[in-house]
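Data first, discussion second: the structure below is written as structure tokens.
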Amino acid sequence: MTTSWADAVAENDDNNNNNNNNNNNQAPPARPTYIPPHLRKNPPILANPPVPAYTAPSLSGNRYSGGGGGGGGGGENFVINFAAYEDIPVETSGDNVPPPVNTFAEIDLGEALNLNIRRCKYVKPTPVQRHAIPISLGGRDLMACAQTGSGKTAAFCFPIISGILNGKYAQKPRDMRTAYPLALILSPTRELSCQIHEEAKKFSYQTGIRVVVAYGGTPVREQLAELQRGVDILVATPGRLNDLLERARVSLQMIRYLALDEADRMLDMGFEPQIRKIVEQMDMPPRGVRQTLLFSATFPKRDTVQRLASDFLANYIFLAVGRVGSSTDLIVQRVEFVQESDKRSHLMDLLHAQRDNGSHGKQALTLVFVETKKGADSLEYWLCSNGFPATTIHGDRSQQEREHALRSFKSGQTPILVATDVAARGLDIPHVAHVVNFDLPNDIDDYVHRIGRTGRAGNTGLATAFFNDNNSSISKALADLMQESNQEVPVWLQKHAAIRSYGGGGRNRRSGGGRFGGRDFRRDSGFNRGSGGADNSGNTTSPGGYGSGNNNPGAPSAWD
DNA sequence: AAAAAAT
């Protein structure tokens, strides 16, 4: 796997972190004599490391670090088609929304962070970054909707890092056993936490800020050791964090920043109690005292947003970044009517055809989504025994197996990955040529997430769905979505959808029906809208927003 | 109903 410059230094850094121990050797919460992390470490801040070739700012390309998931792999850089998102619809609402910026230079993120941004070859902020960073730097709470890969991680990491570097916080309690992070980033899957951790480490390089990750499925010992060396930013999944909190190995009383990634998913049934326990029932400072940033890849349902916002946020700003209509062309979506019993042989046909079309002897990466963990295992077995090298990732596999499967897939060693929805969100897997929805999800947002694993970063992608009568709940939403993204909708699907919609059956429409607009439910406050954020003139739109053929904001995007 | 997440 490609090892980026930042990965290499990050590893070196691990051997050096005993420099940083004074993190915890400090007196109980008092006021100001806090030593910012970048001063703890006896500078020379950023003296040695070579700044790799720095591409001059360009309007057409923004280099991206692909964020190595699964413990360091995949840090491939890829280029995002920037022109495609100059015209992305953006909505903000709330009191006194700070105006967006057009360049990183306009924001004072500090020298160290600026240098790291250049090292990561981030040339120009993405739309979500242009809006979210000034809002966060302004100390405001934020609810942001933007798809993964749109630069969300940086959008919440930059202000957190900058805030910690500039902050004058009370000293951390002196405590040998307990770690006192200043920022907490929660995410719903282990692999996603890994990915965020990797990125946050790159952004924090040589700032003295310590980023530690904690997630389950792996021995707790090493994570405890890392925590004891000191932690400023803790990235975690809820289960393991709760465990650490109960053991009093982590205290949240110093938390200044709380970020929830995939916030809508985090409040799913089953997750919510864990999150609430962490946020409301431990020792975390209340909302308004800490700064809270919620990021969601899809537009959360109305009641979810309201609950989230009213419980976790204080005087927040709502930000929604639309999807790129034009990039939809990069994903060709097909739907085929396949009976349950024919699915396997049909998949086989697809894979054969793909192999015959041959991308230069190398089989293109194919990601196959199924509904159940059991189904994933049995399909993997069947594929393997039929001569198609496949592996699988789902929640019943050990963490080791999961990470191995991901690596093996990414490297092309096993070019077919059978996955449950654990892999649908957030995970950055470059070079997926084909996404097969072997089993369609019930929720159209999950479909959008899944197909978004392909067609990334300017590559074309193919998404094939197997549809049968078990999927009628999604037919209307699927047909609408395909229509919106200029795909060919089979007549049989249109008919199916028409039956569903007759008499108000279209309940499972894209969450939030009118998609853009009307999603900040504090209708009484100001409502701004800007196209690409160039102007943030405070225009008031009627709820429903982008009705007038603007640019197809409901379509899925390739750069999700 | 399924998936994810602590041991």
Side-chain angles (χ1 to χ4, degrees), chain A residues 69-70 148 184-197 212-224 227 234-250 252 260-279 281-282 296-298 300 304 340 367-380 392-403 405-406 417-427 437-450 453 468-474 507-508:
Chain A
T148 319
L184 175 63
I185 301 171
L186 291 172
S187 94
T189 68
R190 298 165 181 173
E191 285 78 8
L192 200 48
S193 283
C194 266
Q195 213 172 271
I196 296 168
H197 174 235
V212 176
V213 68
Y215 56 85
T218 181
V220 77
R221 233 189 42 235
E222 213 173 295
Q223 292 171 7
L224 283 175
L227 286 168
L234 177 60
V235 184
T237 50
R240 177 56 61 86
L241 177 61
N242 264 325
D243 185 25
L244 296 170
L245 289 169
E246 277 164 18
R247 302 186 197 199
R249 301 305 294 260
V250 170
L252 300 177
L260 298 199
D261 201 8
E262 308 286 351
D264 56 337
R265 175 53 50 103
M266 301 280 270
L267 282 215
D268 270 3
M269 227 177 34
F271 252 138
E272 179 168 348
Q274 298 183 59
I275 304 294
R276 286 197 180 273
K277 185 170 173 196
I278 292 167
V279 178
Q281 287 151 42
M282 304 306 287
S296 163
T298 43
T304 311
E340 217 57 49
L367 183 52
V368 184
F369 281 104
V370 296
E371 196 61 20
T372 66
K373 297 181 277 199
K374 224 177 101 188
D377 279 335
S378 89
L379 182 58
E380 178 217 12
T392 180
I393 183 168
H394 60 69
D396 274 355
R397 302 201 82 194
S398 76
Q399 191 56 25
Q400 232 183 1
E401 289 171 320
R402 283 165 60 159
E403 285 173 21
L406 209 48
L417 179 65
V418 183
T420 60
D421 266 329
V422 69
R425 285 174 180 244
L427 278 193
N437 274 292
F438 190 88
D439 302 317
L440 271 164
N442 293 314
D443 188 327
I444 192 68
D445 284 329
D446 290 330
Y447 173 84
V448 172
H449 275 116
R450 289 175 175 190
R453 301 304 103 200
N468 61 39
D469 290 328
N470 298 331
N471 307 116
S472 45
S473 71
I474 205 183
R507 201 188 64 92
N508 199 0

Any donor-acceptor pair under 3.5 Å from R190(A) side chain to T237(A) backbone: no
Any donor-acceptor pair under 3.5 Å from T420(A) side chain to H394(A) backbone: no
Nucleotide-resolved protein contact map, nucleotides 2-7 of chain B, B/S/- at heavy-atom distance under 4.0 Å: SSBBBS
Residue E222(A) excluded, over 12 heavy atoms near CD under 6.0 Å: no
Sidechain N-carboxylate O distance under 4.0 Å for E246(A), K277(A): yes
Residues in side-chain hydrogen bond (donor to acceptor under 3.5 Å, both in side chains) contact with D421(A), at least two apart in sequence or another chain: R450(A)
